[in-house]
Amino acid sequence: MPAVSKGDGMRGLAVFISDIRNCKSKEAEIKRINKELANIRSKFKGDKALDGYSKKKYVCKLLFIFLLGHDIDFGHMEAVNLLSSNKYTEKQIGYLFISVLVNSNSELIRLINNAIKNDLSSRNPTFMCLALHCIANVGSREMAEAFASEIPRILVAGDTMDSVKQSAALCLLRLYKTSPDLVLMGEWTSRVVHLLNDQHMGVVTAAISLITCLSQKNPDEFKTCVSLAVSRLSRIVSSASTDLQDYTYYFVPAPWLSCKLLRLLQCYPPPEDGAVKGRLVECLETILNKAQEPPKSKKVQHSNAKNAILFEAISLIIHYDSEPNLLVRACNQLGQFLQHRETNLRYLALESMCTLASSEFSHEAVKTHIETVINALKTERDVSVRQRAADLLYAMCDRSNAKQIVAEMLSYLETADYSIREEMVLKVAILAEKYAVDYSWYVDTILNLIRIAGDYVSEEVWYRVIQIVINRDDVQGYAAKTVFEALQAPACHENMVKVGGYILGEFGNLIAGDPRSSPLVQFNLLHSKFHLCSVPTRALLLSAYIKFINLFPETKATIQEVLRCDSQIRNSDVELQQRAVEYLKLSSIASTDVLATVLEEMPPFPERESSILAKLKKKKGPGAVSVTELEDSKREGGELNGGGDRGPDTSAMSASNAVSRHSVTSNLSYVFQSTPSPSADLLGIRSSAPAGTAPASAGNLLVDVFSEAGPAAPSAAVNDDGFLSSAPPSEDPAPPLSEADELLNKFVCKNNGVLFENQLLQIGIKSEYRQNLGRMYLFYGNKTSVQFASFTTSVSCPGELQSHILSLNVQTKQVEPLVEGGAQIQQVLNIECLTDFSDAPLLNIKFRYGGALQNLTLKLPVTINKFFQPTEMSSHDFFQRWKQLSQPQQEAQKIFKANHSMDTEVLKAKLLGLGTALLDNVDPNPENYVCAGVIQTKGQQVGCLLRLEPNAQAQMYRLTLRCSKDSVSRRLCELLAEQF
Amino acid sequence: MFFSFMLLFSRQGKLRLQKWYVPLSDKEKKKITRELVQTVLARKPKMCSFLEWRDLKIVYKRYASLYFCCAIEDQDNELITLEIIHRYVELLDKYFGSVCELDIIFNFEKAYFILDEFLLGGEAQETSKKNVLKAIEQADLLQEEKILKVYIN
């Protein structure tokens, strides 16, 4: 072997390198380099033309300096000059400099391309190879443009030397990778495939890389390579170790080529041709058999090469996933490696088993190794190996071993390396959710996760536990209890505080019965963490506090105190300050009804792909989570969690997705949105999406809510789906529902029907009246499957009724306190009208549903017209009385737009339903309607005359009432104006 | 068996050879080198030769004072990559005659030439030791011829 370093003429370079090595400090090195750079620059710029040798030497020095990590900004031109030298060594150095230093978009590329073109056409194989190496090393688009059509010709030309073919194949591969559009398929492609049959193993080795890449992109065009590859593989596998001479590596015949052939086959499904397939299966079996043979050499190179082929064969077996026998054999083989003394083999066996675990044929076989894998997780000294073990545990997890695996992973987490904790946390969270049979286990697991590795618990994880708790009412009480206990630890992670704040804010009421976790205790516990938390967590806690005020009115004073203190209300953080101010105001101005609506329990979260899974995928790349796993999670999620793919994405947590069904919430959200913060979303105060029927007017500001929310006026809360708000367990009946008037209006002209309905409850009514007496039957139907407890109703007459003059007397008996799921109970009201009245009596209903107190107030549809007695009279009599009732107060008139059909029959039916007599042939205008009646009260009778003048063209009415009592005129006019 | 890059560095963390098969800016290359050298040097001798790093797999092996470190893609075969490294070491060893770190420092260009004959564009081009060395020998002969000519002239 020539001792090249000696014969080489670049003494100057060696001296320079020695100098650099002798530098005692970085500064000295830099000084020496700068000196050299100055020297080279002056040489390059000097008048005297440099000879090729000097140029080569200086270029080489520059290259060395560059490789030391210094920037080089000159010398490129001299390197390009070297390319056209006819001396091989100068040319070689020129090409090396360009390969290392010229990046693909250099403007020198054109000059370089020229030199390459010359060398490619030189027919000197050594020069051609240099040029091809350069293209393969630089691989720029300009080069692809210049040579993409030329290189395939060189590759398949009959007279091309083998070494040039090898370089051409890999050069083309590089160009295809950088500019696939420029490498056009053509007649050469079929000839490239046949290079798999080439005599020269080196040519096959180089060509197969190109063929594999092309097959991945154009599988159909290269299909024929499958049978060629199988026969080539078969020849190699069955050859004696000496047959392939120099391509045998430590007694293993052509290991690189074998691996590449097996990799190429992984681009295709199993061969359809039975003979080809049989031959391939034979190869795979031979490879598996050889693994059991005693080694032909003790050298690690021998076993590495042999096992490299084995692992590649196993990859192919897994890829086919159709030969149970081979899959199980592969699994057994890997099982042996799990306990091998070579760390590398243990690592690879764990990795490979991960993919085997996802095959239905080998999943069970993989599971038998669980103890070994758990042991690896505990005892392996190398974090990379432990990581693989954790991956495998994750992959082999199913319902049968989930609890064991999750427990092992949790305990490993306590000592796990920082680098893999986050991923471990995600995996535990996913498994816990996916295989949760009872959700208390799930809650325990996640809270443990936060306790053990709180720092690594990403938002997705703790969002997710909250979503699940919200969506599953069977675990809410347990979650509240557990998180309450967890918060009692002297030092608990901020994520625990977040989860705690959220869950207690929503479901603290479920554990409030226990004096050890009474509302105040809960609040104090949460608040004891407050000052240690970051701003977003504090914001969340503030929202939890306002929810507390709603859940537990007894905490109101304490919490208001907290909100009022300077550190909140004057907090320098604008978000905290705003929350404190707004929540304080909200709690002091809004009625309990408004509070209950605004701060209602969060609606269930929509189901989406698990955000945690998404995060894991992102972290591990698309290949990390297999498709089967995803489908699996869907399937399992569906089964376990009662419907659909359970997992939300991150945004699902924000209440902007959790569509609120309450316009008040929308209004509030409008205000809160001015300072968005992710934690604000969590409590669902904010909701942007205007829900179906909620009036989403931007003008509906908080102010509006408050101004209308006073006790005198009906609340502005439009409970459009009538979901009952959870209200404080106080004795006060809730204010009437905002839609109470509307409901009332439906019954002005009728006596029977459904008064009210929501998700929980339906209230039906039947009523009859005679003179000044009435009887009303109320039917309360429980629409849920759960018992209503402490069901109580009460009727009160508001306003003037409670003052000295009682106008209505309502008698009833209390109902049974328990309403079973699906059952209906009845209540009878006896009503006596003492004097005329305007305000309807209020019906308050309270009951406990799932622990939460429901408090609902409606207006009973008892209106003054119910006590009408119809009075028939002639036209003459009518107009005479009409004139008698001529005092201005006695008349009430309204002109209004038609809200309903103006059809005659409909109008007549309504007027009859009103209780008056409809008088025909009275009004000279036949289009008009006149009615007469007497309202019977205990103390007096009030005569009433009515005239309704429709204007069909304008879709308007004029309604005129004249009654002997002016208050009755006004009230009737109000009531009737809503009916037409 | 696609290599994204190959790095040779000393136990002291000095980079002795770098070969990049993917286009990256100098800044990125330096960053990757720094991170990887640090990661690999921090590993203990008995640890396995593979590690996941970003979305690549790193295969490394230490020979005397030099670390040989390759980045391969997810689907690639780790063990065969280890043997690629070994074959390259064999080539250097055969060529320099019991190679040491100094040979590679002083004859870095030769180390590059040998690598180019062995691996091209990140793929194995010629795995026969004999064939690679023959190619290099031929080149050296050309080189000596020229030198000879200079003397004759």
Side-chain angles (χ1 to χ4, degrees), chain A residues 1-5 7-9 14 17 21 60 63-64 67 69 87-89 92-93 96 103-104 126 133 136-137 139 163 166-167 170-171 173-174 178 201-202 205-206 209 246-247 249 255-257 259-260 263 301 304-305 307-308 311-312 343-344 346-348 381-382 384-385 387 621 623, chain B residues 1-2 15 17-18 21 23 25-26 30 43-44 46-52 55 74-75 77-80 82-84 86-87 94-97 103 105-110 112-113 116-117 120-131 133 135 137-140 142-144 146-147 150:
Chain A
M1 182 57 44
V4 204
S5 42
D8 195 304
I17 294 174
R21 285 180 53 77
C60 221
L63 189 54
F64 181 80
L67 290 172
K87 287 187 186 146
Y88 178 77
T89 132
Q92 201 184 22
I93 293 291
L96 178 62
N103 46 29
S104 36
T126 324
H133 291 180
N137 281 325
S163 61
Q166 286 167 277
S167 298
L170 294 175
C171 185
L173 172 58
R174 176 70 196 263
T178 47
M201 292 283 273
T205 306
S209 297
D246 208 36
Y247 289 93
Y249 179 82
W256 289 283
L257 183 54
C259 285
K260 284 187 177 199
R263 162 83 25 215
Q301 283 76 25
N304 278 353
N307 291 328
F311 276 106
E312 206 59 63
T343 315
N344 287 346
R346 294 197 303 275
Y347 175 96
L348 293 174
R381 276 186 295 174
D382 184 350
S384 310
V385 186
Q387 162 116 47
Chain B
M1 252 55 66
F2 175 70
L15 192 59
L17 184 136
Q18 48 178 315
Y21 297 110
S25 71
D26 286 345
K30 278 186 185 164
R43 290 176 63 83
K44 296 187 183 77
K46 283 282 175 182
M47 286 187 168
C48 83
S49 312
F50 321 125
L51 54 122
E52 285 190 333
D55 52 346
D74 191 49
Q75 296 299 308
N77 189 313
E78 292 96 338
L79 284 177
I80 207 72
L82 261 187
E83 295 320 301
I84 289 262
H86 187 74
R87 173 113 292 183
K94 193 92 183 176
Y95 183 76
F96 288 109
D103 291 319
I105 296 171
F106 280 93
N107 303 285
F108 67 94
E109 78 282 12
K110 294 289 178 202
Y112 276 102
F113 297 148
D116 269 356
E117 289 296 333
L120 188 60
E123 302 273 354
Q125 173 176 224
E126 176 56 83
T127 57
S128 151
K129 193 157 60 172
K130 216 188 278 169
N131 288 352
L133 290 174
E137 269 170 51
Q138 267 172 357
D140 281 337
L142 283 175
Q143 187 168 303
E144 300 208 332
K146 299 285 172 185
I147 292 166
V150 173

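Both backbone and side-chain heavy atoms feed into the values below; hydrogens, waters and symmetry mates do not.
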Which residue out of [options] racks up the most heavy-atom pairs below 4.5 Å with chain A?
options                             : value
B:Ser49, B:Ala135, B:Ser128         : B:Ser128
B:Leu82, B:Asp116, B:Leu51, B:Asp55 : B:Asp116
B:Tyr112, B:Phe50, B:Tyr21          : B:Phe50
B:Lys30, B:Lys129, B:Arg87          : B:Arg87

Report task. List for me each residue that meets ring-ring contact (aromatic ring centres under 6.0 Å, His included) alongside A:Phe311, sequence neighbours excluded, and say none if there are none. Result ->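 Testing A:Phe311 for ring-ring contact (aromatic ring centres under 6.0 Å, His included), a comparison that skips the adjacent residues, returns A:Phe337.
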Self-check item: Residues in ring-ring contact (aromatic ring centres under 6.0 Å, His included) contact with A:Phe64, at least two apart in sequence or another chain
Solution: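 Residues passing ring-ring contact (aromatic ring centres under 6.0 Å, His included) with A:Phe64: B:Phe108.
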Can you tell which of [options] has the highest number of heavy-atom pairs within less than 4.5 Å of chain B?
options                                : answer
A:Ile93, A:Leu96, A:Asn307, A:Leu63    : A:Leu96
A:Val385, A:Leu257, A:Leu348, A:Thr205 : A:Leu348
A:Arg174, A:Arg21, A:Gln166            : A:Gln166

Can you check whether [X] reaches [Y] side chain to side chain, under 4.5 Å on heavy atoms?
X        : Y        : result
B:Asn131 : A:Tyr247 : yes
B:Asp140 : A:Tyr88  : no
B:Ile105 : A:Ile17  : yes
A:Lys260 : B:Glu123 : yes
A:His133 : B:Glu117 : yes
B:Glu78  : A:Asn344 : no

Less than 4.5 Å to any heavy atom of chain B: does that hold for the side chain of [X], its backbone, both, or neither?
X        : answer
A:Arg346 : neither
A:Thr126 : side chain
A:Ser167 : both
A:Leu173 : side chain
A:Leu67  : both

*With distance as the sole test, does A:Thr343 use its side chain to make a donor-acceptor pair with the main-chain N or O of B:Lys46 at under 3.5 Å?*
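Between the backbone of B:Lys46 and the side chain of A:Thr343 there is a qualifying donor-acceptor contact (under 3.5 Å).
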Any side-chain to backbone donor/acceptor pair from B:Arg43 onto A:Asp382? Under 3.5 Å, distance only.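 Not confirmed, B:Arg43 side chain does not pair with A:Asp382 backbone.
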Open item on the list: So, taking the atom named CG in B:Leu120 and the one named CG in A:Asn137, what distance separates them when rounded to the nearest 0.5 Å?
Closed with: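 Separation between the atoms: 6.0 Å.
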Atom CD1 in B:Ile80, atom CD in A:Glu312: separation rounded to 0.5 Å?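 Going from CD1 on B:Ile80 over to CD on A:Glu312, the span is 8.5 Å.
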Worksheet item: In terms of heavy-atom proximity below 4.5 Å to chain A, should B:Glu126 be classed as side chain, backbone, both, or neither?
Response: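 Contact with chain A is through both the backbone and side chain of B:Glu126.
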- Message: Using heavy-atom distances under 4.5 Å, tell me whether B:Glu83 contacts chain A through its side chain, its backbone, both, or neither.
- Response: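 Contact with chain A is through both the backbone and side chain of B:Glu83.
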